[in-house]
Structures are given as C-alpha cells and as structure tokens.
Amino acid sequence: MKNRKGLYILQTLAGIALTIVGGFVLNSEEMNMVSGLFIGIGSACTALGVGWFIQSLVIPEDRMKQMKKQKAVELVDERSIRVRERTGYMTGKIMDYVFLGFILILGFMGVDKLIIIIATLLLVIKFILVICFSSYYFKEM
Amino acid sequence: MKNYLEQIRKKRGITQNELAEILKVSRQTISSIEKGRYNPSILLAFKIARYFGQTIEEIFIYEEEK
C-alpha cells in the first residue's frame, strides 16, 4: 500500500513536471503541438495521481480489495452485461433521433453544406456499422 | 419467470450474498431472479440447479405465453 501511495505521488510530480515543461519551457511557435501534448498528458497525470492518492488515504485497504472483487464480479455478471447491452441499445436509438434533429437544425440554420454532409456521413457510418455487426452476430450466434 | 429459488435458498440457510459468491454473480442478480424480474441464462439456471442438487424444472416454473 505504501508503495502504491509512493507511486501516486510520483505520478503527480511527473504530471506537474510535464505541465511546467509544456507551459514554460516548450513555448516556442514550432513547439506548439508538443507543448499542448505535454500540458494535456501532465494535467491528466496530475489529476489522476491526486485522485488516486486521496482515494488510497480515505478508503481502507481491505475495503478497496472488497470493492475490486465486487467490480470484477459485476464485470462478468450476466445481468449486468444484459443491462449494459440494453442501455447501449436504447442510448444509440435515442441518439439517432437527436443526431437527425441536429442535422435538420444545421440545415435550417443555413450552415455550410460541407458540414451538413460530414454530419450526415457520420450517421451513414453508424448505420453501416449496425448492418456489419448485425450480419456478424447473426452468423456468430 | 416464477421460481422457488428464495424458498430453496432459505431452506438451505444461505444468504443471497453467499449464493451470489458461490455462483460468481452479483447479489442483485440473485435478488432479481428470486423476484421474477430477471430470467437467468440457461447456463446460470443449470449452475443454480446443480448447486442445490435439483433439476431446473424443480426450481423454475415455465408458463407458456398466452
């Protein structure tokens, strides 16, 4: 546990270092992209490191082990899998209508045709994926 | 699907948590099966039946849809 806490502290420090390097050392025009990447990764490392460190302080080790075990069971639990599948299906179904509405609004707003075509293409890609996966699972099951 | 799981489990004197741990499912799954809200897969139904040393028909009641 102590090792783990040390690891979180190290991760936080590395994140801070990356953010500082990205923000103050690599600040030339050519290094713009690299700097952004450093800041992004650094911020993520810092936030996760601090979060996990606080979690390791607040939650006792045995409770943590219990939670991990519970999580592992829930990951393969058939009811949870079915709940996840149904949730994904319903979300996808609703999002189709939301996206369709969004494309219509874009059309009424007089947005550039290229943007409308790209948005429509995303919907088309989604339907192609649905056909491909349906065909795959029909053969598989 | 109606079933006798709750009665059989209580007769054996085990909790939902213990049964869930044995069958490697969540406690909520056991609870939902007992209430008839969730129909288990054939695999889980076999596991339950085998654990209690009974047949699937002795635990689960199949009623034809009208």
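In the text below, chain A, chain B and the rest are named by the order of the sequence lines, each starting its count at 1.
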Count I, L, V, M, F, W, Y as connected when their side-chain heavy atoms are under 4.5 Å apart, and connections chain through other members. Are [X] and [Y] then in the same cluster?
X      : Y      : answer
A/L18  : A/M31  : yes
A/V111 : A/L104 : no
B/M1   : B/I33  : yes
A/I103 : A/F127 : yes

**Item:** When B/A20, B/S32, B/P40 are compared by non-hydrogen pairs under 4.5 Å with chain A, the top option
**Value:** B/S32
**Message:** Keeping A/D77 on the side-chain end and B/S26 on the backbone end, is there a donor-acceptor pair under 3.5 Å?
**Reply:** yes
**Request:** Report the C-alpha distance between A/E78 and B/K24 in whole Å, list the side-chain angles of each, state the deciding distance to 0.1 Å, and finish with yes or no for side-chain contact (heavy atoms from CB on, under 4.5 Å).
**Result:** CA-CA 10 Å; A/E78 62 170 52; B/K24 291 187 172 60; over 6 Å; no
**Prompt:** Is there side-chain contact between A/Q70 and B/R27, with at least one heavy-atom pair below 4.5 Å?
**Reply:** no
**Sequence-distant partners of A/S43, side chain to side chain donor-acceptor pair (under 3.5 Å), two or more places apart** = none
**Request:** Please look at B/Q28 and chain A and tell me whether the side chain, the backbone, both or neither of the residue comes under 4.5 angstrom of a heavy atom of that chain.
**Result:**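 Contact with chain A involves both backbone and side-chain atoms of B/Q28.
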**Request:** Tell me, out of A/R79, A/E74, A/R82, who's got the most heavy-atom pairs with chain B below 4.5 Å.
**Result:**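 The candidate making the most pairs under 4.5 Å is A/R79.
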